[in-house]
Amino acid sequence: MNQFDTHEVFNQAAAFEDINLFEADIPLQEALAREGAGASRAGLSELGARLGRAETLALARMANENGPVLHRFDRSGRRIDQVEFHPSWHALMELLITAGAHSSPWEQPGPGAQVARAAAYLMFGQVENGSQCPVTMTYACVPALRQSPALAGRWLPKILSRQYDPRALPIDQKRGALVGMGMTEKQGGSDVRSNRTRAEPVLPPEAEAVFGQHSQDVYRLVGHKWFFSAPQSDAHLVLAQTEGEGSAGISCFLVPRFLDDGRLNEVRVQRLKDKLGNRSNASSEVEFAGAYGWLLGKPGRGIPTILEMGSHTRLDCVLGSAGAMRCALTHALHHARQRQAFGRPLAEQPLMQNVLADLALESEAATAFAMRLARCFDHPGDAAETTLGRLLTPAGKYWICKRGPAFGAEAMEVIGGSGYVEESPLARLYRELPVNSIWEGSGNVMCLDLLRAFARSPAAAEALQAELALAGEGNADYVRFTGALLEQLRQPQAEEYGARLLAERIVLAVQAGLLLRHAPAAVSGAFIASRIAREPGGAFGRLPQGVDCAAILERALPVDSART
């Protein structure tokens with residue numbers, strides 16, 4: 001220090017960067033192997049190293065500091081409705097698309113494909129969440145598109161391409177394509193059956209004049225969407241009302257951004273949403289002023305068609321929340337190990353160990369659940385796996401996404417005031433965490449979906465019972481908890497009033513069973529003591545006496561985590 005310096009900077013944790021996000025995550029490595037995707041380990045390790053680099057993490061910061069800008073008109077007054085993004089956004093999107101985050105399970109389906117993609121997506125969730133939104137929708141649109149072979153034949157080669165192509169062009173001129181979605185309207189929100197947007201079939205002469213060989217099942221849409229995700233996408237799946245005998249009701253349409261002749265389709269972007277979080281991503285309001293769209297699936301069956309997309313987007317909500325929680329945990333634990341307070345490192349102080357270990361348990365349980373859920377998607381021909389997935393998807397989206405904001409707030413508090421300022425990634429992460437609980441069906445919608453899954457399938461409770469039974473009867477608290485849960489399911493139709501508690505208990509039971517089977521006793525015992533033997537409570541740091549916090553924290557983030 002020179003004589004005029006006021007102070008020396010010390011006792012500050014180094015930035016958590018240049019870390020291999022895969023090699024530092026023991027629970028993720030173990031889940032990858034046991035859920036059937038161990039062969040992808042080498043590629044995921046390489047991806048984890050790239051995602052943890054300082055320059056990659058800097059892209060996330062810049063993309064959120066320089067959000068999208070809507071340009072409705074060009075300098076000549078022509079309507080263009082183009083969204084301008086910072087170069088960091090495009091770099092992140094290219095990273096996701098090149099890695100196949102939107103396409104890998106569809107390119108090479110089979111055991112382990114969805115699990116491997118889930119592991120990659122969970123790591124992407126530790127970097128930047130806004131860019132995940134258009135990638136999730138593109139990934140999830142594939143099952144819905146396959147319901148219309150003609151559309152699939154034209155669009156899927158571009159959708160499954162690993163070339164990121166942000167140019168504003170008709171689909172036939174693109175190297176790769178993104179697909180968004182537009183379902184909700186001002187008056188309805190989650191109640192999409194109340195949608196007022198209308199679609200009328202285009203007569204053959206007009207359709208052939210505009211689309212030539214692609215003129216079948218063309219409609220024109222008039223109406224609006226209150227939330228139209230990623231308006232820069234090449235097409236959107238849109239819900240609209242159709243009329244006619246046998247076709248009345250909500251139908252689903254693929255609405256392209258550009259027509260084949262290069263004209264902009266009549267999808268008018270009114271404004272971009274000024275959102276709490278997810279600020280790097282563009283979300284918009286639009287009006288359809290006679291926009292062209294192709295019928296997807298059967299007329300009047302739009303909601304079942306779009307649900308093919310919804311189940312996969314909800315899987316990604318679970319993965320995204322699990323990834324964000326892992327990110328918050330590692331930043332908090334890294335900080336606590338380097339920060340001295342009251343004469344010793346924060347991570348060595350008993351009360352702080354309680355908090356950190358509790359966060360570590362929540363994060364590992366979320367990872368274990370998310371990866372197990374991904375395996376359900378790997379076996380569409382297995383009735384038991386499909387049935388279990390129909391239960392665990394809404395239940396997991398409810399509980400894991402609901403735990404996210406509290407988790408992020410606690411991790412921010414570990415760091416303290418410097419975690420609350422925008423220079424810390426924890427502030428951005430905290431703003432991101434609520435969106436997965438809101439988007440693609442809020443908590444109540446998920447819990448009602450869970451009740452419907454039980455009501456529609458007598459085998460649902462049996463599938464859950466079979467999954468829980470795999471953990472055995474060695475833990476009395478687990479046996480008591482799961483026994484009470486299964487007895488509740490044997491009763492007549494569950495009441496809507498208590499659906500949230502039912503969803504919570506299902507997820508906790510599955511998480512506890514997975515940890516009993518696969519995690520060290522220090523982890524499973526502490527999880528059961530704090531969440532099964534008693535209610536989980538509203539704050540972290542409530543672990544009972546006798547928990548081996550040091551063992552839990554070393555597993556959560558080994559002190560010698562592999563640096564790249």
Any side-chain heavy-atom pair of Lys225 and Met183 under 4.5 Å: no

Over 12 non-hydrogen atoms of neighbours within 6.0 angstrom of CZ in Arg390: no

Exceeds 12 heavy-atom contacts within 6.0 angstrom, atom CD of Glu55: yes

Checking [Y] against [X]: is there a side-chain donor and acceptor pair closer than 3.5 Å?
{"X": "Asn444", "Y": "Arg500", "answer": "yes"}
{"X": "Asp316", "Y": "Gln132", "answer": "no"}
{"X": "Gln349", "Y": "Arg344", "answer": "no"}

For [X] and [Y], indicate whether the former's side chain and the latter's backbone hold a donor-acceptor pair under 3.5 Å.
{"X": "Asn281", "Y": "Pro134", "result": "no"}
{"X": "Gln232", "Y": "Gln82", "result": "no"}
{"X": "Ser284", "Y": "Leu272", "result": "no"}
{"X": "Asn129", "Y": "Gly125", "result": "yes"}

Gap separating the CG atom of Leu28 from the CG atom of Leu21, nearest 0.5 angstrom: 9.5 Å

Rounded distance [0.5 Å steps], CD in Glu128 versus CG in Leu96: 8.5 Å

Salt bridge flag under 4.0 Å for residues Lys273 and Glu285: yes

Sole candidate of Arg403, Arg326, Lys402 that passes salt bridge (charged side-chain N to carboxylate O under 4.0 Å, His left out) when paired with Glu362: Arg403

Test side-chain contact (heavy atoms from CB on, under 4.5 Å) applied to Phe22 and Leu47, step by step: CA-CA 8 Å; Phe22 182 78; Leu47 179 63; over 6 Å; no

Parallel, tilted or perpendicular: rings of His90 and Phe85 (30°, 60°): perpendicular

CA sep, side-chain torsions, deciding dist, call: Arg162, Glu107, salt bridge (Lys or Arg N to Asp or Glu O under 4.0 Å): CA-CA 10 Å; Arg162 293 200 181 193; Glu107 294 172 302; 2.7 Å; yes

